[in-house]
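Residue numbers count from 1 along this sequence. Order of listing sets the numbers, starting from 1, for every ligand and every atom in it.
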Amino acid sequence: VGKGIYLDNNATTRIDPKVVEAMMPYFNTYYGNPSSQHGFGLAVDRAINHAREQVADLLGAAHPDEIIFTSCATESDNTAIWTSLFTQKDKNEIVTTKLEHPAILDTCSFLSGRGVEVKYLSANHLGDIDPAEFEKLLNPKTALASIMWANNETGNIYPVPEMAEIAAAHNVVFHAAAVQAVGKIPINLKDTKINMLSFSGHKLHAPKGIGALYVRRGTRFIPFMHGGHQERGRRAGTENVPYIVGLGMACELAKSHLDDLNTRVRALRDKLEKGIVNTIPEVIVTGDKTHRTPNTLNVAFKFVEGEAILLMLNEYGIAASSGSACSSESLEPSHVMQAMGIPFSAAHGTIRFSLSRFTTEAEIDEVLRVLPGIIQRLRDMSPYWNENKPKLINADHEF
Ligand SMILES: Cc1ncc(COP(=O)(O)O)c(CN[C@@H](CS)C(=O)O)c1O
């Protein structure tokens, strides 16, 4: 357990050893409460503010005090939705997409039964959304537009800066759900009209259980968590100091590895994709291949079950996921594949491979060595494949 080839980095990542090293002193040497005015507390407060600067630097935020530390992206997402409604009592509409993570979708559906009207942008077969359709959904009652910057299943990158400009022109607060974008693509918030942005540390080699919410100066804000003056009164609760220090270090490292991720790691992802397409018939690479995060590959293997593929990959010590980690228990095709209109026969067999800076070429070669045999064995057992293969192999068809 815990050994082998890890290609599920969109679910979570290993903590970078340099992040662990940075965190260690804050467990049993510098353990004061940051709010304490004695030496134990002041030393810790300085460490938190250094981490804030490191996060702000990766995000291209104009001011470190625009960063609020939270427990995770889910808390950050909930806070963005909460504050947009509580600071604009005359507005009760939210515009988002059908492609969002459940942290947004489930929160929106919870609210839609309680006086909030939610409008959803649809997606085309590549999983892309249309800024023109987005603009049509905005109106004076729109309290928030919340759009993900990159999709966790396909890696699709959305035109968030352009959509934030449109929202600003309509006086609509804009939130970017950027969990899968931070540390993977360049982000320069000060040059955008984005009001709020969420992300989680455990997607970029920080520990699980720490995240942040960026809130642009001038954006009206009401806390989601009350009962303390921490985070300048914007997020109550004693700070998780070691994890905040770890998040800061992870952001600094992510910035220094951005080029490597977009060159070497992207090339490894492309090698995996080409190898699969060239050796396994009847596959669909889902999503928008030109606007995609450098580390993500989502492939639909027709007429086989994604879960079965994962189990057999796991036999070889290879870790991936079907859809996202949070939907992996369900045998239903993911809401993302459904929103894209991927046919059921393919949507059932999707596998998400997500690489990281720790991925090696030898690992990709090993996946390419074993995967064709796995798919063939599963198809040989599939009545559905055996009924359809004559038509499929000879047909020149679009899915
Ligand atoms: C776009 C997006 N938004 C929010 C979250 C939640 O992150 P937390 O740190 O758990 O709060 C995630 C985490 N997506 C994981 C687990 S479902 C995946 O396998 O895709 C995400 O991708």
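Neither the backbone nor the side chain of Lys208 comes within contact range of ligand 1; no heavy atom lies under 4.0 Å. Contact annotation for Val179 and ligand 1: only side-chain heavy atoms (C-beta onward) come within less than 4.0 Å of the ligand. Here Glu75 has no heavy atoms under 4.0 Å from ligand 1, in either its backbone or its side chain.
Checking His202, Gln180, Lys203 against atom 15 (C) of ligand 1, the nearest heavy atom belongs to Lys203.
Numbered from 1 in the order shown, with element, the atoms of ligand 1 that lie under 4.0 Å from a heavy atom of Ser200 read 7 (O), 8 (P), 9 (O), 11 (O). Of all atoms in ligand 1, listed by their number and element, those nearer than 4.0 Å to a heavy atom of Arg352 are 18 (C), 19 (O), 20 (O). Heavy-atom proximity to Cys72, at under 4.0 Å, picks out these atoms of ligand 1: 9 (O), 11 (O). Annotation for ligand 1: atoms under 4.0 Å from non-hydrogen atoms of Met148 are 1 (C). The contact set between ligand 1 and Asn10, taken as ligand atoms under 4.0 Å from a residue heavy atom, comprises 15 (C), 18 (C), 19 (O), 20 (O).
No side-chain heavy atom of Val118 sits under 4.5 Å from any side-chain heavy atom of Ser109. Using a 4.5 Å cut-off on side-chain heavy atoms (C-beta onward), Phe353 and Ile364 make no contact. Side-chain contact check for Met340 versus His125: every heavy-atom pair is 4.5 Å or farther apart.
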Validation: residues 127-139 side-chain donor-acceptor distances under 3.5 Å, sequence neighbours left out:
from	atom 1	to	atom 2	distance (Å)
Asp128	OD1	Asn156	ND2	3.2
Asp130	OD1	Ala132	N	2.8
Glu133	OE1	Ser122	OG	3.4
Glu135	OE2	His170	NE2	2.7
Asn139	OD1	Lys141	N	2.6
Asn139	ND2	Glu93	OE1	2.8

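A tilted orientation is assigned to the rings of Phe344 and His348, their planes being inclined by 30° to 60°.
Residues that satisfy the salt bridge (charged side-chain N to carboxylate O under 4.0 Å, His left out) test with Glu231, not counting sequence neighbours, are Arg52.
Other residues, nucleotides and ligands contribute over 12 non-hydrogen atoms within 6.0 Å of the CZ atom of Phe358.
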